[in-house]
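Structure, as structure tokens:
Positions are given from 1 along the sequence.
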Amino acid sequence: MTDHSHGTTIPAPGHDHGPQPGPADHHHHHDHTTVDWEALAAHLEGEAEFQTPMLDQATAWLRDLLTEPSGPGPDAVRRVLDVGSGPGVTSCLLGAAFPQAEVVAVDPTEALLERARDRAARLGLGDRFRTHVGELPDGLDGLGDADLIWSSKALHHVGDQAAAVAALAGRLRPGGLLVASEGGLSSRMLPRDFGFGRPGFEARLEAVREDWFARMRAALPGSRGVVEDWPALLTGAGLVSPRSRSFLLDVPAPLDAARRRHITRQLDRANEVFAEFLDEDDRATLARLLDPDDPLGAARRPDLFWLSAQTFHTARAA
């Protein structure tokens with residue numbers, strides 16, 4: 001099943017690092033499809049840092065693609081746009097991967113861009129790093145063009161995804177690459193039968209997440225149904241030579257304390273957003289996983305792991 005969650009158990013936001021719906025909009029119908037990105041800033045940053053080993057694989061692949069005869073070469077990349085950058089973790093990774101390039105982090109949330117600027121300054125990228133407040137598809141005026149445009153989990157938060165792809169494709173320089181990080185395989189962190197509750201808990205949680213995602217998409221302004229054939233969407237925007245590749249984030253058991261805390265936060269977010277859509281038994285299972293004193297809870301299990309896959313789709317400007 002398609003992963004919309006940045007490799008997490010939580011629905012994906014339009015930022016690089018991590019899906020997660022914001023605090024509930026407490027109307028009578030409990031609309032959890034609204035997202036408060038500023039409130040999630042620290043969570044998004046931790047999510048992207050957790051995914052860094054997989055993101056490093058993806059950026060290395062892009063350097064290889066840019067080395068092909070029709071590409072400008074990785075050292076000829078002079079300008080990179082990270083559209084839907086969130087707190088800028090991936091933006092800074094792109095800055096390291098393409099050391100000759102100016103990197104522009106693009107996001108509608110100024111508080112997240114402030115974090116991106118702070119991170120870039122800490123990493124010594126400040127002289128070739130800047131930010132732009134804007135969102136797809138109509139908030140990119142004045143942004144300019146680029147040799148590489150990266151968009152991770154942002155396109156599916158635009159009602160008309162084809163229009164968003166076209167808006168990005170139109171900013172590519174000749175031979176440049178557009179990269180859309182969309183789809184993959186949902187994460188797993190526990191055995192199918194982990195000693196309490198009904199086996200298959202994570203599969204049922206995934207089904208709830210898929211329902212959430214469908215409601216979120218339907219509620220977007222100008223939402224249009226589209227077959228999510230990303231190579232076809234890229235070529236439909238006039239790009240050529242589509243490629244797709246998936247990368248694993250494979251962190252086997254036993255996990256260190258930092259990764260365990262990260263996964264516990266993911267489960268806590270799932271409890272906040274999805275618990276009301278689970279049956280009574282699965283709600284009890286989730287509550288027990290979050291109990292820090294339970295020897296079989298996530299905080300103390302020796303068999304806790306992380307395995308997910310993220311797919312990256314690219315195509316080139318002629």
Side-chain angles (χ1 to χ4, degrees), residues 1-21 35 43-44 46-62 64-65 82-86 89-90 93-94 97 136 149-158 161 164-165 168 177-190 192 200-214 216-217 226-234 242-252 259 262-263 266-267 269-270 273-274 305-315:
M1 187 173 287
T2 301
D3 177 33
H4 309 294
S5 65
H6 295 240
T8 73
T9 59
I10 312 305
H15 303 292
D16 76 341
H17 354 346
Q20 300 77 22
V35 183
H43 185 79
L44 294 171
E47 175 72 11
E49 290 170 347
F50 185 82
Q51 294 184 21
T52 292
M54 178 268 295
L55 294 169
D56 283 339
Q57 295 178 66
T59 55
W61 176 58
L62 295 178
D64 289 342
L65 289 180
D82 179 8
V83 180
S85 65
V89 177
T90 301
L93 292 175
L94 291 167
L136 287 167
I149 300 176
W150 170 290
S151 185
S152 176
K153 303 299 182 13
L155 294 171
H156 67 234
H157 281 273
V158 180
Q161 295 177 101
V165 170
L168 296 178
L177 284 180
L178 172 57
V179 185
S181 174
E182 295 286 349
L185 296 175
S186 295
S187 60
R188 289 292 184 267
M189 64 182 74
L190 290 159
R192 184 191 66 88
F201 169 77
E202 286 187 282
R204 293 190 295 278
L205 187 59
E206 180 181 352
V208 168
R209 181 174 61 243
E210 290 289 340
D211 287 343
W212 179 94
F213 188 83
M216 182 277 294
R217 284 283 313 151
V226 64
V227 175
E228 292 178 352
D229 178 349
W230 290 100
L233 287 170
L234 294 170
R243 305 281 186 87
S244 297
R245 186 168 174 184
S246 298
F247 296 94
L248 288 178
L249 182 57
D250 181 7
V251 188
R259 290 187 173 99
H262 174 78
I263 291 176
Q266 296 291 342
L267 288 170
R269 179 66 62 180
V273 177
F274 298 138
F305 62 92
W306 187 274
L307 180 63
S308 61
Q310 181 57 43
T311 303
F312 297 81
H313 306 280
T314 77

Worked check of side chain to side chain contact (heavy atoms under 4.5 Å, CB included) between Leu55 and Trp150: CA-CA 12 Å; Leu55 294 169; Trp150 170 290; 3.9 Å; yes
Verdict with supporting geometry, Met54 and Phe312, side chain to side chain contact (heavy atoms under 4.5 Å, CB included): CA-CA 11 Å; Met54 178 268 295; Phe312 297 81; 3.6 Å; yes
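With sequence neighbours excluded, the residues forming a salt bridge (Lys or Arg N to Asp or Glu O under 4.0 Å) with Arg204 are Asp282, listed by chain and number. Judged as a side chain to side chain contact (heavy atoms under 4.5 Å, CB included), and not counting sequence neighbours, the contacts of Ser246 are Thr311. In this view, Arg259 and Asp256 satisfy the salt bridge (Lys or Arg N to Asp or Glu O under 4.0 Å) rule, not counting sequence neighbours.
Considering CG of Leu234 and OG1 of Thr314, their distance stands at 7.5 Å, rounded to 0.5 Å. To the nearest 0.5 Å, atom OG1 of residue Thr59 and atom CG of residue Asp64 are 10.0 Å apart. Between the OG1 atom in Thr90 and the CD atom in Glu49 there is a gap of 10.5 Å [rounded to 0.5 Å]. The CG atom of Leu205 lies 11.0 Å from the CD atom of Glu210; values are rounded to the nearest 0.5 Å. Atom CZ in Arg245 sits 14.0 Å away from atom NE2 in His313 (nearest 0.5 Å). From Ser308, atom OG reaches atom CG of Leu248 across 7.5 Å, with rounding to the nearest 0.5 Å.
Using modelled atom types, no side-chain atom of Gln161 and backbone atom of Glu228 make a donor-acceptor pair closer than 3.5 Å. Of the possible polar contacts, one joining the Arg217 side chain to the Val158 backbone as a donor-acceptor pair under 3.5 Å is found.
Closest non-hydrogen pair, Ala315 versus Pro242, comes out as CB-CA, 4.0 Å. Closest of all the heavy-atom pairs between Ala154 and Gly84 is CB-CA, 4.1 Å. Closest non-hydrogen pair, Arg209 versus Ser186, comes out as NH2-OG, 2.7 Å. Across Ser187 and Glu202, no two heavy atoms sit closer than the pair O-OE2, 4.1 Å. For the pair Phe305 and Arg188, the tightest heavy-atom approach, listed with the atom from each and the gap, is CE1-O, 3.3 Å.
Between His262 and Glu47 there is a side-chain heavy-atom pair separated by less than 4.5 Å. Looking only at side-chain heavy atoms (C-beta outward), Leu168 and Ser151 come within less than 4.5 Å of each other. Between Gln310 and Leu249, the closest side-chain pair of non-hydrogen atoms is not below 4.5 Å. By the 4.5 Å heavy-atom criterion applied to side chains, Leu233 and Leu155 are not counted as neighbours. Between Leu267 and Met189, some side-chain heavy-atom pair lies under the 4.5 Å cut-off.
Under 3.5 Å, the side chains of Glu182 and His156 contain a donor-acceptor pair of N or O atoms.
Relative ring orientation between Trp306 and Phe50 is described as perpendicular, the plane-to-plane angle rising above 60° on a 0-90° scale split at 30° and 60°.
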